[in-house]
Protein chains: 2
Amino acid sequence: MLPYEHFGYIGAMTDSPNDVTPDRLRKADALPPSDQHAQQYAAVRNAHETELLEDYVELIADLLEHQGEARSTDIAARMGVSQATVSKTVTRLKSLGLVSSKPYRSLFLTEKGEAMAAMSHQRHAIVLQFLRALGVNDRTARIDAEGMEHHVSQETLEIMQRYTREQGGRDA
Amino acid sequence: MLPYEHFGYIGAMTDSPNDVTPDRLRKADALPPSDQHAQQYAAVRNAHETELLEDYVELIADLLEHQGEARSTDIAARMGVSQATVSKTVTRLKSLGLVSSKPYRSLFLTEKGEAMAAMSHQRHAIVLQFLRALGVNDRTARIDAEGMEHHVSQETLEIMQRYTREQGGRDA
DNA sequence: GCTACAAGTTAACCTTGGCTAAAATACTGT
DNA sequence: ACAGTATTTTAGCCAAGGTTAACTTGTAGC
Ligand SMILES: [Mn+2]
Ligand SMILES: [Mn+2]
Ligand SMILES: [Mn+2]
Ligand SMILES: [Mn+2]
């Protein structure tokens, strides 16, 4: 079921055999101090806690804007999961005060939900536009952005934005 | 417990009020076709399935290289989780044929585990070096790379690598 | 106004990835 | 050699995010 039964990638871009990497690059390979290292992983676990919620509220906002309402069938279709899964996640979103709805009716965002959706949307757009500006194919850029967006710091976001702005004028 | 109780970010970089965005940029905001959208999310769910395994084998390889052995105490400290958690995850890694060890002894990678570690390490390095080349602070770059690495396509990796190579000579 | 179908919910189940507390094993110093 | 400490494993717990199957509710057509 899992991949990694076979590896085609390595070797193609492995460090060249006669390695001439200067030391300033090589020594960066050492492990970071243990506590800093732990903070890296903690940040990732943290991002994973809100990731799905962000995608949901963002999608709900998009549906409200582009289709007028956010039905859980549409969410299920767009997320590629069952309606039961959507139902359960929506329950969680409601209990977190991000979404409101009456049973068997369309979904809405609370103030808090809208704020989260706006932030997520903005961040998503910055990452997507950056990837396109870098030269990544639109289809691929959308896939990568969907995952990357949740792991990009404020600092990096700003740099991406600057790059896109400067690069944007060049061609596109 | 979860964030998003308060938002400081928005407004700082929201689309400017008197918006002059040309149409070619604006219309990209439309939702992608439903099935393509679903594939985006599926790709993310997919990445999440192997993410932790990749981080583990990568860390084990690093420990073997830099400390001579990979003890689960060290893994627990570096990952910032309890030893019980490491023990359970290692059981899973073994059942997947990525790690081998005798009970109460140090850990080793199988062939398959080493292949996965090498790939993961390489990808991780490309992303990290790219972020640094972009101008992201090392500490931040490490945090972002730890999460981003699992969501970067081959295509994007190659572009990142090229950028780092070209930009690398400029300053640094 | 019924009937049929679409949409939404609920129940029961599974895996992953965390935790704490307790038990088992290994290691170290005297 | 063995006492005490450090390490590893196990057991029992929990939440998130997924599934299918069965049930409920809403809605459109006739
Ligand atoms: Mn998003
Ligand atoms: Mn996303
Ligand atoms: Mn990694
Ligand atoms: Mn990682």
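So that the names make sense, note that chain A is the first sequence line, chain B the second, and so on, each numbered from 1.
Taking side-chain N and O atoms only, Arg45(B) has no distance below 4.0 Å to OP1 or OP2 of dG17(D).
Rounded to an integer number of Å, the gap from CD1 of Ile75(B) to P of dT9(D) is 10 Å. Atoms CD (Glu51(A)) and P (dG17(C)) sit 13 Å apart, rounded to a whole Å. When the C1' atom of dA15(D) is taken as reference, atom CG of Leu53(A) falls 12 Å away, rounded to whole Å. For Met79(B) and dG17(C), the CE to P distance is 10 Å, given to the nearest whole Å. Remark: C1' of dG18(D) and NE2 of His48(B) are 14 Å apart, rounded to the nearest angstrom. Following rounding to the nearest Å, His150(B) (NE2) and dG17(C) (P) show an atom-to-atom distance of 12 Å. Put simply, CZ on Arg92(A) is 4 Å from P on dA16(D), counting in whole angstrom units.
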Practice prompt. For nucleotides 4-13 of chain C, just jot down a letter per nucleotide in 5' to 3' order: B, S or -, based on protein non-hydrogen atoms under 4.0 Å.
Written response: ---SBBB---

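Between Arg142(B) and Asp138(B) a salt bridge is recorded (basic side-chain N to carboxylate O distance below 4.0 Å). A salt bridge between Lys112(A) and Glu114(A) is absent, with no side-chain N of the basic residue lying under 4.0 Å from a carboxylate O of the acidic one.
Side-chain contact check for Glu54(A) and His124(A): no donor-acceptor pair (N or O, by modelled atom type) lies under 3.5 Å. Side-chain contact check for Thr164(B) and Gln129(B): no donor-acceptor pair (N or O, by modelled atom type) lies under 3.5 Å. Checked by atom type, the side-chain pair Lys94(B)/Ser100(B) shows no donor-acceptor distance below 3.5 Å. Looking at Arg78(B) and Gln40(A), their side chains never bring a donor and an acceptor atom within 3.5 Å of each other.
The Ser82(B) side chain lies nearest to dC19(C) when the options are dG18(D), dC19(C), dT20(D).
DNA chain D is contacted by both Leu107(B) and Leu52(A); Leu107(B) maps to the nucleotide lying nearer its 5′ end (nearest heavy atom per residue).
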